[in-house]
Novice: 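Would you mind keeping the following structure in view while I ask a few things?
In this text, all values refer to a predicted model and were calculated from it rather than measured experimentally.
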Amino acid sequence: QVQLVESGGGFVQAGGSLRLSCAVSGRTSSSYFVGWWRQPPGKEREFVTAIFWSGGSTHYADSVKGRFTISRDAAKDTVYLQMNSLETENTADYYCGETKSSYYLGPYDSWGQGTQVTVSS
């Protein structure tokens, strides 16, 4: 069973930056992607970005390209989400997940508990 634990959320002013971390344990060779999704207040969960664990290839939602960067530290089994130039619309609960699908949009098999990001104007 893959377990994921997010950290790094908090309050930030618009234009600021935050880095989220996702510690992954129990991952096997069948885990293809680790991704970040977010759920804004009152809205459905949406894809943000994903990284292919073995090769490092990345995918981004159009809305975050150029501002957000996903990376991984294989030695630490940790995936990071660097978020720059944050906007109030980025306020959401951010979740990391793992999928054994070869498609970066999943379906996802395991999720963390989420971390809250609030961007104020």
Side-chain angles (χ1 to χ4, degrees):
Q1 179 77 20
V2 178
Q3 293 185 325
L4 307 104
V5 179
E6 303 95 335
S7 60
F11 292 88
V12 64
Q13 285 193 321
S17 299
L18 275 178
R19 189 178 80 156
L20 306 183
S21 300
C22 174
V24 184
S25 60
R27 189 186 59 82
T28 69
S29 60
S30 61
S31 298
Y32 275 80
F33 287 95
V34 174
W36 287 96
W37 295 64
R38 65 188 178 191
Q39 186 165 14
K43 297 183 179 180
E44 298 202 347
R45 193 174 296 190
E46 61 186 22
F47 172 76
V48 178
T49 180
I51 188 165
F52 183 54
W53 190 269
S54 297
S57 64
T58 57
H59 303 269
Y60 293 92
D62 287 343
S63 61
V64 305
K65 283 181 181 177
R67 299 188 298 120
F68 290 14
T69 303
I70 189 171
S71 62
R72 81 199 190 293
D73 184 332
K76 296 182 179 180
D77 273 343
T78 300
V79 173
Y80 302 99
L81 177 62
Q82 178 67 43
M83 305 186 292
N84 298 328
S85 302
L86 281 162
E87 304 167 345
T88 56
E89 304 85 75
N90 301 142
T91 293
D93 291 324
Y94 283 72
Y95 298 87
C96 69
E98 170 265 356
T99 178
K100 295 174 178 58
S101 169
S102 58
Y103 183 41
Y104 67 93
L105 291 179
Y108 277 63
D109 302 290
S110 301
W111 294 96
Q113 82 288 351
T115 186
Q116 191 172 53
V117 172
T118 302
V119 184
S120 62
S121 58

Novice: Walk me through it: do V79 and I51 pass the test side chain to side chain contact (heavy atoms under 4.5 Å, CB included)?
Specialist: CA-CA 8 Å; V79 173; I51 188 165; 4.2 Å; yes

Novice: Give a yes or no on whether V64 and L105 share a hydrophobic cluster (residues Ile, Leu, Val, Met, Phe, Trp, Tyr; joining criterion: side-chain heavy atoms under 4.5 Å apart).
Specialist: no

Novice: Heavy atoms, side chains only, cut-off 4.5 Å: are L20 and T115 in contact?
Specialist: yes

Novice: How close do I70 and T49 get, counting heavy atoms only, and between which atoms?
Specialist: CG2-OG1, 3.3 Å

Novice: Work out which heavy atom in F33 is nearest to a heavy atom in S101; give both atom names and the distance.
Specialist: CD1-O, 3.8 Å

Novice: Report the distance from atom CD of Q39 to atom OG1 of T91, rounding to the nearest 0.5 Å.
Specialist: 13.5 Å

Novice: In Å and rounded to the nearest 0.5 Å, what is the SG to CZ distance from C22 to R72?
Specialist: 13.5 Å

Novice: Could you walk me through whether N84 and S17 pass the side chain to side chain donor-acceptor pair (under 3.5 Å) test, one step at a time?
Specialist: CA-CA 4 Å; N84 298 328; S17 299; 2.9 Å; yes

Novice: Just verifying a value: how many Å separate R19 CZ and T69 OG1, rounded to the nearest 0.5 Å?
Specialist: 11.5 Å

Novice: Would you check, one step at a time, whether the test side chain to side chain contact (heavy atoms under 4.5 Å, CB included) holds for S110 with L4?
Specialist: CA-CA 8 Å; S110 301; L4 307 104; 3.7 Å; yes

Novice: To the closest 0.5 Å, what do you measure between CZ (R67) and OG (S85)?
Specialist: 6.5 Å

Novice: Rounded to the nearest 0.5 Å, how far does NE2 of H59 lie from NZ of K65?
Specialist: 10.5 Å

Novice: Identify whether W36 and V12 are in the same connected component of the hydrophobic contact network (ILVMFWY, side-chain heavy atoms under 4.5 Å).
Specialist: yes

Novice: Other residues, nucleotides and ligands only: do more than 12 of their heavy atoms fall within 6.0 Å of CD on E89?
Specialist: yes

Novice: If you compare all heavy atoms of Y95 against all heavy atoms of Q113, which two are closest, and at what distance to 0.1 Å?
Specialist: CE2-O, 3.5 Å

Novice: What class does the angle between the rings of F68 and Y94 fall in, given that below 30° is parallel, 30 to 60° is tilted and above 60° is perpendicular?
Specialist: tilted

Novice: Honestly curious: do Y32 and W111 fall in one hydrophobic cluster under the side-chain, below-4.5 Å linking rule?
Specialist: yes

Novice: In terms of ring plane angle, is the pair F47 and Y104 parallel, tilted or perpendicular, where the classes change at 30° and 60°?
Specialist: tilted

Novice: Y108 and W37: aromatic ring centres closer than 6.0 Å?
Specialist: yes

Novice: State yes or no: do F52 and V24 share one hydrophobic cluster built from I, L, V, M, F, W and Y residues joined by side-chain heavy-atom distances below 4.5 Å, directly or via other members?
Specialist: no

Novice: Show the nearest heavy-atom pair for residues T88 and S120, with the distance to one decimal.
Specialist: CG2-C, 4.0 Å

Novice: Using the rule that Ile, Leu, Val, Met, Phe, Trp and Tyr join whenever any side-chain heavy atoms are under 4.5 Å apart, tell me whether L18 and Y80 fall into a single cluster.
Specialist: no

Novice: Do you know the tightest heavy-atom contact between M83 and L86?
Specialist: CB-CD2, 3.8 Å

Novice: For a quick test of reading the model, state the closest non-hydrogen atom pair linking R38 to S63 and the distance between them.
Specialist: NH2-OG, 3.5 Å

Novice: As an exercise, state the distance from CG of D93 to CD of E6, rounded to the nearest 0.5 Å.
Specialist: 9.5 Å

